[in-house]
Amino acid sequence: MLKGKTIVVGVCGGIAAYKVVDVVSRLRKQHAQVHVIMTEHATRFVAPLTFQSLSNNPVVTDMFAEPKTWDVEHISLARKADMMLVAPATANIIGKVANGIADDMLSTVIMATTAPVLFVPAMNYAMYENLVVQENISKLERFGYRFMEPDTGVMAAEGESGKGRLPEPEKIVQEVLKTVTVDQDLKGRRILITAGPTREPMDPVRYISNHSSGKMGYALAEAAAGRGAAVTLVSGPVNIQKPENVSTVDVTTADDMLEAVLARQADQDIFIMVAAVADYKCASIADKKIKKTQDRFTVEMVKNPDIAKEIGKIKGNRILVGFSAETNDLESNARSKLDSKNLDMIVANDVTQEGAGFGTDTNIVKIIRKDGTINEFPIMSKLDVAREILDEINKLMVNG
Ligand code: PMT
């Protein structure tokens, strides 16, 4: 499966380093070329000779060692890599990369590579849950670095139980396979994504809106662009960074969003409607600030256009994916939206669940297909949810 692929494995100083010996051996059995970089601390846990014998390549530990070739070694490894695997990823290496520090061979190669990087954190559970570590992980995920969730269980060193164990080698190799093989599978596809909230003005200073932060839609845009798709992101007003290599169109109201989507729809192969579009808008917008002269105040509202439904009418064979934000009857409400909007697939999230829906970095979703089949997912980062959705879209394109 990995024939012709070069995997650079970064091993950090943690007790779980011994498990990475098995990972390297399994990667070699899959015919990958493996180059191991060890931090100085890692060499205290496992001898470089072990990795050298298994990978059949010299192990790199020192930035300033005598060069074995005329290549600048960190640049050469960074270029050679089809992907980098960092395991066990300690709080230290995560913190360094998140803050732009490149002070040893491993951090320098990570910084210099354009290949996908998969971190597999393993550390004491209290360290893993530390907000500084979590913030660093979120930051790196936003920049496109991949993370595997640690396992929960008894820690090798402390004998205590918690989340922070290195996943079993078999699982790590599966994730490596996923990272390397899905890399550019959306090349040549054109995807339009709507994201964020819409704002419906009442007067020059007020509007009606919702809690959408744009994180879910932006994660999809980033993941799709990373897999080679040409992505157009039609975004309501949000306060997050625009993804790289994505063409973003800023809009405010549902009417603006409809206009932007319709103007670009003819060029698209796939539509993913993540935006929380206001269902209603004010029947009239006051041209001056409304004064508080009355005890009760009623706003008359009229229905907004349904953007997903409009695309559903004209999509032909193209793929249309919707989202469904629910507080009750998740599946039945989502299924009726799937039918009424002529969607191929709907991603349902119960926004009352902790870690799901608006504003969070994670989501908990069910993907419901037109044929009625459902995939349920546990809590995951929005980027991982995005990857699962794109995998489903890929299957739809292959199998129809
Ligand atoms: O942005 P985040 O903070 O990351 O939050 C993510 C999210 C909760 C917004 C996202 O996961 C989500 O559930 N998005 C859909 C929200 C929603 O409004 O769903 P809905 O059930 O009202 O709409 C169903 C579908 O029709 C959606 O695909 C929606 O984009 C689309 N729609 C709805 C109304 C409308 N007038 N036009 C539409 O296109």
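We count ligands from 1, going down the list as the structure has it; atoms in each ligand are counted the same way. The analysis underlying the following values was restricted to heavy atoms, covering all of them including side chains, and did not include hydrogens, waters or symmetry mates.
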J.: Quick check: do V231 and L192 have side-chain heavy atoms less than 4.5 Å from each other?
T.: no
J.: For G214, take its heavy atoms, then give the atoms of ligand 1 lying under 4.0 Å from any of them.
T.: 1 (O), 2 (P), 3 (O)
J.: Heavy atom of N304 under 4.0 Å from ligand 1?
T.: no
J.: Test your reading of the model: is there a side-chain donor-acceptor pair from N210 to the backbone of A278, 3.5 Å cut-off?
T.: no
J.: May I ask you to identify the nearest protein heavy atom to atom 18 (O) of ligand 1, giving residue, atom name and distance to one decimal place in Å?
T.: A276 CA, 3.4 Å
J.: Which residue pairs satisfy the salt bridge (Lys or Arg N to Asp or Glu O under 4.0 Å) criterion with at least one member in residues 209-225, sequence neighbours excluded?
T.: K215-D361
J.: Specify side chain, backbone, both or neither for V238, according to which of its non-hydrogen atoms lie closer than 4.0 Å to ligand 1.
T.: neither
J.: Report the distance from atom OG of S138 to atom CZ of F143, rounding to the nearest 0.5 Å.
T.: 11.0 Å
J.: Check V299 against C282 and note the closest heavy-atom contact, atom names and distance.
T.: CG1-SG, 3.8 Å
J.: At a 4.0 Å cut-off, with the gap strictly under it, does some heavy atom of G357 reach an atom of ligand 1?
T.: yes
J.: Heavy-atom count around N317 CG within 6.0 Å, excluding the residue itself: above 12?
T.: no
J.: When you measure from atom 13 (O) of ligand 1 to every protein heavy atom, which one gives the shortest distance, and what is it?
T.: N349 ND2, 2.9 Å
J.: Is atom CD of Q294 surrounded by more than 12 heavy atoms (other residues, nucleotides or ligands) closer than 6.0 Å?
T.: yes
J.: Which residue and non-hydrogen atom of the protein lie closest to atom 23 (O) of ligand 1, and at what distance in Å?
T.: F323 O, 3.8 Å
J.: Which residue and non-hydrogen atom of the protein lie closest to atom 1 (O) of ligand 1, and at what distance in Å?
T.: S212 OG, 2.7 Å
J.: To check your reading of the model: name the closest protein heavy atom to atom 35 (C) of ligand 1, its residue, and the distance in Å.
T.: V277 CB, 3.5 Å
J.: Examine the proximity of ligand 1 to P197 and report which part, side chain or backbone, both or neither, has a heavy atom under 4.0 Å away.
T.: neither
J.: Mind checking whether N210 contacts ligand 1 via backbone (N, CA, C, O), side chain (CB onward), both or neither, at a 4.0 Å heavy-atom cut-off?
T.: neither
J.: Once the angle between the rings of H211 and F358 is folded into 0 to 90°, is it parallel (under 30°), tilted (30 to 60°) or perpendicular (over 60°)?
T.: perpendicular
J.: Heavy-atom contacts with N363 under 4.0 Å: which atoms of ligand 1 show up? List them by number with element.
T.: 11 (O)
J.: Is it true that K395 and D391 make a salt bridge, defined as a side-chain N closer than 4.0 Å to a carboxylate O?
T.: no
J.: Only heavy atoms of G359, strictly under 4.0 Å: list the atoms of ligand 1 that pass.
T.: 2 (P), 3 (O)
J.: Does ligand 1 have an atom under 4.0 Å from some heavy atom of I311?
T.: no
J.: Which residue and atom name correspond to the protein heavy atom nearest atom 20 (P) of ligand 1, and how close is it?
T.: K337 NZ, 3.7 Å
J.: Under a 4.0 angstrom heavy-atom cut-off, which atoms of ligand 1 come close to K341?
T.: 24 (C), 25 (C), 26 (O), 31 (C), 32 (N), 33 (C)
J.: Please list, in number order, the atoms of ligand 1 under 4.0 Å from a heavy atom of M216.
T.: 4 (O), 6 (C), 11 (O)
J.: Please identify which atoms of ligand 1 are closer than 4.0 Å to at least one heavy atom of K215.
T.: 1 (O), 2 (P), 4 (O)
J.: Short list, please: which atoms of ligand 1 are under 4.0 Å from a heavy atom of K382?
T.: 2 (P), 3 (O), 4 (O), 5 (O)
J.: Closer than 3.5 angstrom, by distance alone: can the side chain of R264 be matched with the main-chain N or O of V234 as a donor-acceptor pair?
T.: no
J.: Heavy atoms only: which of G322, A275, A308 is nearest to atom 29 (C) of ligand 1?
T.: A275
J.: Are any of the N or O atoms of V351 closer than 3.5 Å to those of ligand 1?
T.: no
J.: Among all the protein's non-hydrogen atoms, which is closest to atom 36 (N) of ligand 1, and how far away is it?
T.: P305 O, 2.9 Å
J.: Under 4.0 Å, counting heavy atoms only: does E310 come that close to any atom of ligand 1?
T.: no
J.: Is K309 close enough to touch ligand 1? Criterion: a residue heavy atom under 4.0 Å from a ligand atom.
T.: no
J.: Could you tell me which non-hydrogen atom of A87 sits nearest to which non-hydrogen atom of V20, and how far apart they are?
T.: O-CG2, 3.2 Å
J.: To the nearest 0.5 Å, how far apart are CG in L343 and NZ in K309?
T.: 10.5 Å
J.: I need the minimum non-hydrogen distance between T43 and T61, along with the two atoms involved.
T.: CG2-CG2, 3.7 Å
J.: Can you check whether G355's main-chain N or O pairs, donor with acceptor, with T362's side chain at less than 3.5 Å?
T.: yes
J.: Nearest protein heavy-atom contact for atom 28 (O) of ligand 1: which residue, which atom, what distance?
T.: M273 O, 2.6 Å
J.: For N56, enumerate each residue passing the side-chain hydrogen bond (donor to acceptor under 3.5 Å, both in side chains) test, keeping only those at least two apart in sequence or located in another chain.
T.: none
